Amino acid sequence: MPPSEERKSPAAGGGVQSLERAFVLLEHMADAGGEIGLSELANDSGLPLPTIHRLMRTLVASGYVRQQSNRRYALGPRLIRLGEAAARPLTTWARPHLARLVDVTGETANMALLDGDEVVYVAQVPSRHSMRMITEVGKRVPPHTAAVGKALLSQRPDAEVRAMLVRTGMPALTERTVTSPDAFLAELETVRADGWAVDDNEQEIGVRCLAVSVPDSPTPAAISVSGPAGRLTEDSTDKIVPLLREVARDLSASLNAHRPD
């Protein structure tokens, strides 16, 4: 079931309904790229407009949402501090699993999340080779250019992905970057069928990357192995992808072990 459908029953679990509904609205705003109108929120969330008005006024007053001059609502700056603080434990839990990937493959291992319309790298363990792929933690890239982005977007409905691609404009970072929405959505079908994604010189010439999503992650996440295309060859894919899947399952178990009951 798509995430948007799962969020249509905010009272589930016996929590505080207004708090749960507020988070539903924030998540729908994030899915829409960080900015959205009230009618869109009502359609996406299934909540009545008076309820949305009341919750949005509270979120605006708290600084977690801001109202634009065009009357649309955008995620507010106070969320940045919360996001940065939430990413730090993820890095701690992810590093041993990423280190295992490096030990076995010899290449750099990464973990990334989807933040609005961008992929953000939140953890990395670098290769020990002198020639290696380094992506700074905190770096943001368009999701259509990265294997982790493809792995993450493969978990989203096509209509949502297409809307994101329209917003980003699909800039070409190399001559190998896919810049057609139709071609990209066709590639996502392959990712869904195969269970893994590849960036073949699409973000940076000479660099190849393999990625899988982390199943049942508390927040959608993906891990990858990246390195020079001369070492991370097509022949190595059959060995690396099963390892990526195994490590992703172990990382999921670690992340979920820290979730409250």
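Just so it is clear, the structure is predicted and the values come from calculations on it, not from any experiment.
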Self-check item: Main-chain N/O of Asp216 paired with Asn256 side-chain donor or acceptor, under 3.5 Å
Solution: yes

Exercise. Is it possible for you to say whether Leu244 and Val214 belong to one hydrophobic cluster, with membership spreading through side-chain heavy-atom contacts below 4.5 Å?
Key: yes

Self-check item: Worked verdict on Leu153 versus Phe184 for side chain to side chain contact (heavy atoms under 4.5 Å, CB included)
Solution: CA-CA 10 Å; Leu153 292 184; Phe184 186 77; 3.8 Å; yes

Self-check item: Non-hydrogen side-chain atoms of Met56 and Leu41 separated by less than 4.5 Å
Solution: yes

Exercise. Starting at OG of Ser39, measure out to CZ of Arg72 and round the result to the nearest 0.5 Å.
Key: 8.0 Å

Exercise. Please name all residues satisfying salt bridge (charged side-chain N to carboxylate O under 4.0 Å, His left out) with Glu204, sequence neighbours left out, ordered by chain then number.
Key: none

Quiz item: Do any N or O atoms from the side chain of Ser213 and from the backbone of Ala151 form a donor-acceptor pair under 3.5 angstrom?
Solution: no

Practice problem: Check whether any side-chain heavy atom of Val65 lies under 4.5 Å from a side-chain heavy atom of Leu26, and answer yes or no. | Solution: yes

Exercise. Compare all side-chain heavy atoms of Val141 with those of Tyr121 and state whether any distance is below 4.5 angstrom.
Key: yes

Quiz item: Do Leu152 and Val120 belong to the same hydrophobic cluster, where Ile, Leu, Val, Met, Phe, Trp and Tyr are linked whenever their side-chain heavy atoms lie under 4.5 Å apart, directly or via other members?
Solution: no

Exercise. Not counting sequence neighbours, which residues clear side chain to side chain donor-acceptor pair (under 3.5 Å) with Arg167? List them please.
Key: Asp117

Practice problem: Please name all residues satisfying side chain to side chain contact (heavy atoms under 4.5 Å, CB included) with Pro171, sequence neighbours left out, ordered by chain then number. | Solution: Pro142, His144

Quiz prompt | Connected via hydrophobic side-chain network under 4.5 Å: Leu79 and Val119 | solution = no

Practice problem: List the steps and the verdict of side chain to side chain contact (heavy atoms under 4.5 Å, CB included) for Asp250 and Arg100. | Solution: CA-CA 11 Å; Asp250 291 346; Arg100 179 182 169 199; 2.9 Å; yes

Quiz item: Closest heavy-atom contact between Ala94 and Ala123?
Solution: CB-CB, 4.2 Å

Quiz item: Can Val137 be reached from Ile223 by stepping across I, L, V, M, F, W or Y side chains whose heavy atoms are under 4.5 Å apart?
Solution: no

Practice problem: Can you sort out the partners of Ile205 under side chain to side chain contact (heavy atoms under 4.5 Å, CB included), two or more places apart, ordered by chain and number? | Solution: Thr174, Glu175, Arg176, Asn201

Quiz item: Can Asn110 and Ser226 be said to form a side-chain hydrogen bond (donor to acceptor under 3.5 Å, both in side chains), step by step?
Solution: CA-CA 8 Å; Asn110 314 279; Ser226 57; 3.2 Å; yes

Exercise. Identify the heavy atoms of Val212 and Ala248 that sit nearest to each other, and give their distance.
Key: CG2-CB, 3.8 Å

Quiz prompt | Spatial distance of atom CZ (Arg231) from atom OG (Ser236) [nearest 0.5 Å] | solution = 10.5 Å

Exercise. With sequence neighbours left out, write down each residue that passes side chain to side chain donor-acceptor pair (under 3.5 Å) with Gln203, or none if nothing qualifies.
Key: none

Exercise. To the nearest 0.5 angstrom, please state how far the NZ atom of Lys150 sits from the CH2 atom of Trp196.
Key: 10.0 Å

Practice problem: Determine whether Cys209 and Ser224 make a side-chain contact, defined as any pair of heavy atoms from C-beta on separated by less than 4.5 Å. | Solution: yes

Exercise. Give the minimum heavy-atom separation between Trp93 and Leu251, together with the two atoms involved.
Key: O-CD1, 4.0 Å

Quiz item: Passes side chain to side chain contact (heavy atoms under 4.5 Å, CB included), Ile36 versus Asp44? Steps please.
Solution: CA-CA 10 Å; Ile36 197 169; Asp44 291 346; 3.8 Å; yes

Quiz prompt | Closest non-hydrogen atom pair, Asp238 against Pro242 | solution = O-CD, 3.0 Å

Quiz item: Counting only N and O atoms by type, is there a donor-acceptor contact under 3.5 Å from the side chain of Thr177 to the main-chain atoms of Glu202?
Solution: yes

Quiz item: Is there a side-chain contact between Ile52 and Ser45, using heavy atoms and a 4.5 Å cut-off?
Solution: yes

Quiz prompt | Hydrophobic cluster membership, Val225 vs Val122, 4.5 Å side-chain cutoff | solution = yes

Self-check item: Val166: side chain to side chain contact (heavy atoms under 4.5 Å, CB included) partners, not counting sequence neighbours
Solution: none

Quiz item: Quick one: are Met111 and Arg95 in side-chain contact, heavy atoms under 4.5 Å?
Solution: no

Self-check item: Greater than 12 external heavy atoms within 6.0 Å of Arg245's CZ
Solution: yes

Quiz item: Apart from Val191 itself, what residues make up its hydrophobic cluster, given side-chain heavy atom links below 4.5 Å?
Solution: none

Quiz item: By side chain to side chain contact (heavy atoms under 4.5 Å, CB included), which residues pair with Val102, not counting sequence neighbours?
Solution: Ala109, Val125, Arg128

Practice problem: Kindly compute the distance separating OG1 (Thr105) from CG (Leu232), expressed to the nearest 0.5 Å. | Solution: 7.5 Å

Quiz prompt | salt bridge (charged side-chain N to carboxylate O under 4.0 Å, His left out) against Arg249, all qualifying residues, sequence neighbours excluded | solution = none

Quiz prompt | Sidechain-backbone polar pair: Ser62 side chain, Thr58 backbone, donor-acceptor under 3.5 Å | solution = yes

Quiz prompt | Test salt bridge (charged side-chain N to carboxylate O under 4.0 Å, His left out) applied to Asp182 - qualifying residues, sequence neighbours left out | solution = Arg162

Practice problem: Could you tell me the separation between the CG atom of Leu255 and the NE2 atom of His97, rounded to the nearest 0.5 Å? | Solution: 7.0 Å

Quiz item: Out of Val148, Thr237, Leu243, which residue meets the side chain to side chain contact (heavy atoms under 4.5 Å, CB included) rule with Leu210?
Solution: Thr237

Quiz prompt | Counterpart residues, side chain to side chain donor-acceptor pair (under 3.5 Å), relative to Arg66 (two or more places apart) | solution = Gln68

Self-check item: Evaluation steps, side chain to side chain contact (heavy atoms under 4.5 Å, CB included), between Glu234 and Arg208
Solution: CA-CA 9 Å; Glu234 291 188 14; Arg208 199 162 184 269; 3.4 Å; yes

Self-check item: Heavy-atom pair of closest approach, residues Thr179 and Ala172
Solution: CG2-CB, 3.7 Å

Quiz item: Looking only at atom types and distance, does a side-chain atom of Ser180 sit under 3.5 Å from a main-chain N or O of Ala183, one as donor and one as acceptor?
Solution: yes

Quiz item: Taking C-beta and beyond as the side chain, do Leu113 and Asp115 meet within less than 4.5 Å on heavy atoms?
Solution: no

Self-check item: Sequence-distant partners of Asp158, side chain to side chain donor-acceptor pair (under 3.5 Å), two or more places apart
Solution: Arg192

Quiz item: When rounded to the nearest 0.5 angstrom, what is the spacing between CG in Leu47 and CZ in Arg54?
Solution: 9.5 Å

Quiz item: Less than 4.5 Å apart, any side-chain heavy atom of Leu114 and any of Pro220?
Solution: no

